[in-house]
Amino acid sequence: STPITGNTVQPSENTIIYIISTDSDPAKQTRCTTTSQVLIKVNPLPTLDIPTQEICVGTTLDIALQNLNGQTATYHSSKNQAEIGIVTLSSTEIEFSSTGTYSYFARILDTTTNCWNVEEIKIQVNLLPTLTVTNTEICVGESINLSSLAQTDSSNRLDYFTSLTDAQSDQNKLSSFCLLYTSPSP
């Protein structure tokens, strides 16, 4: 059933409405009528499954959605602004400088049907892991257990690298936690 209020209808599925036009001229006694029907096609609202994104504090994240398949999106700092179409974000790249859960809203428009919906984009910003390091000195030919030089939370993992580039790309991890230093060749 389709709820009707006055001349307004809000169907939840495809609906046929029958319309009758009656000649209401009082000078005519025939009261002729014409009947027709109108199909109201109800298109679905665009929806996206947007999982909460977890990042570390200090990260800049582009919240723009990818692979919208015939849909476009505008981005907003509140659900209300998204619903009325006020664009409040000048950029989708946002720097998160404090921990917490942040919500942004995307107004998704299906460019074929012109139907739109508002979806929440949740960002969980986590603390950076603690890392305490101790510089040390050893002599040529001595070795040092690398795990004695760094402490972190028990839930964190420590990995060791010989270059910052390797550490940032997570390549060439040292397989042993003991380093033997030999003097460089002359």
Side-chain angles (χ1 to χ4, degrees), residues 1-17 38-133 147 150-175:
S1 105
T2 300
I4 299 176
T5 306
N7 290 336
T8 302
V9 61
Q10 186 176 8
S12 58
E13 57 189 23
N14 291 348
T15 302
I16 295 176
I17 300 292
V38 172
L39 170 65
I40 300 173
K41 182 179 177 188
V42 179
N43 293 307
L45 297 178
T47 60
L48 296 173
D49 181 26
I50 305 172
T52 299
Q53 296 182 62
E54 288 197 41
I55 60 171
C56 296
V57 69
T59 300
T60 298
L61 178 68
D62 189 344
I63 64 167
L65 303 172
Q66 305 299 315
N67 304 319
L68 291 174
N69 300 326
Q71 301 172 346
T72 60
T74 54
Y75 300 92
H76 312 265
S77 57
S78 78
K79 185 174 184 178
N80 183 53
Q81 291 168 335
E83 287 173 344
I84 59 178
I86 297 174
V87 177
T88 56
L89 296 178
S90 58
S91 171
T92 57
E93 287 195 12
I94 301 168
E95 181 179 358
F96 294 90
S97 57
S98 10
T99 60
T101 302
Y102 297 85
S103 289
Y104 294 90
F105 298 88
R107 180 181 170 125
I108 312 297
L109 173 69
D110 183 316
T111 55
T112 302
T113 65
N114 285 324
C115 294
W116 61 270
N117 196 20
V118 174
E119 296 283 352
E120 183 175 19
I121 301 169
K122 274 189 162 178
I123 313 296
Q124 175 63 48
V125 182
N126 300 318
L127 283 172
L128 294 171
T130 60
L131 178 60
T132 306
V133 296
S147 61
Q151 289 81 41
T152 190
D153 299 326
S154 62
S155 62
N156 297 336
R157 181 188 81 229
L158 292 173
D159 292 311
Y160 302 91
F161 304 85
T162 58
S163 77
L164 179 59
T165 301
D166 285 349
Q168 290 171 332
S169 64
D170 197 26
Q171 301 288 319
N172 303 315
K173 291 180 192 173
L174 297 176
S175 59

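Side-chain N or O atoms of Thr152 include one that pairs as donor or acceptor with a backbone N or O of Thr130 at under 3.5 Å. With hydrogens and angles ignored, the 3.5 Å screen pairs a side-chain donor or acceptor of Thr15 with a backbone N or O of Glu13. Looking only at distances, no side-chain donor or acceptor of Thr59 sits under 3.5 Å from a matching main-chain atom of Leu61. Checking side-chain atoms of Asn117 against main-chain N and O of Pro46 turns up a donor-acceptor pair under 3.5 Å. A donor-acceptor contact shorter than 3.5 Å is absent between the side chain of Asp153 and the backbone of Ser155. The backbone N or O of Ala82 lies less than 3.5 Å from a partner atom in the side chain of Arg107, making a donor-acceptor pair. Thr101 places no side-chain N or O within donor-acceptor distance of the main-chain N or O of Gln124, the cut-off being under 3.5 Å.
Here the straight-line distance linking atom CG of Leu48 with atom CG of Leu68 works out to 6.0 Å at 0.5 Å rounding. Atom NZ of residue Lys41 and atom CG of residue Asn14 lie 7.0 Å apart, to the nearest 0.5 angstrom. Put simply, CD1 on Ile94 and CD1 on Ile123 are 7.5 Å apart, with the number rounded to the nearest 0.5 Å. For the atom pair Leu128 CG and Thr99 OG1, the distance stands at 10.0 Å (nearest 0.5 Å). Rounded to the nearest 0.5 angstrom, Ile86 CD1 and Asn80 CG are separated by 7.5 Å. In this structure, CD1 on Ile50 lies 5.0 Å from CD on Glu119, to the nearest 0.5 angstrom.
Across all non-hydrogen atoms, the minimal contact from Val133 to Ala150 is CG1-CB, 4.2 Å. Listed here is the closest heavy atom pair of Asp62 and Thr92: OD1-OG1, 2.6 Å. The nearest pair of heavy atoms linking Val125 to Ser98 is CG1-O, 3.4 Å. Summarising the geometry of His76 relative to Gly85, their closest heavy-atom pair is CE1-C, 4.2 Å, with the distance given to 0.1 Å. The nearest pair of heavy atoms linking Leu45 to Cys115 is CD2-CB, 4.3 Å. Contact between Trp116 and Glu83 at its shortest, heavy atoms only, is CH2-O, 3.3 Å.
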Verify side chain to side chain contact (heavy atoms under 4.5 Å, CB included) between Leu65 and Tyr75, making sure each step is shown before the conclusion. CA-CA 10 Å; Leu65 303 172; Tyr75 300 92; 3.7 Å; yes
Might you work through the side chain to side chain contact (heavy atoms under 4.5 Å, CB included) test for Leu89 and Ile63, ending with a clear yes or no? CA-CA 11 Å; Leu89 296 178; Ile63 64 167; 3.9 Å; yes
Side chain to side chain contact (heavy atoms under 4.5 Å, CB included), that's the test. Do Thr162 and Asn172 meet it? Break it down for me. CA-CA 8 Å; Thr162 58; Asn172 303 315; over 6 Å; no
Please evaluate residues Ile121 and Gln53 with respect to the criterion side chain to side chain contact (heavy atoms under 4.5 Å, CB included), reporting the C-alpha separation (whole Å), side-chain torsions for both, the decisive distance (0.1 Å), and the verdict. CA-CA 8 Å; Ile121 301 169; Gln53 296 182 62; 4.3 Å; yes
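Side chains of Thr60 and Glu95: no donor on one and acceptor on the other come within 3.5 Å.
The side chain to side chain donor-acceptor pair (under 3.5 Å) search around Ser77 returns Gln81, Thr88, not counting sequence neighbours.
Within a 6.0 Å sphere centred on NZ of Lys122, other residues, nucleotides and ligands contribute 12 heavy atoms or fewer.
Looking at Lys173 and Phe161, their side chains come closer than 4.5 Å, going by heavy atoms from C-beta outward.
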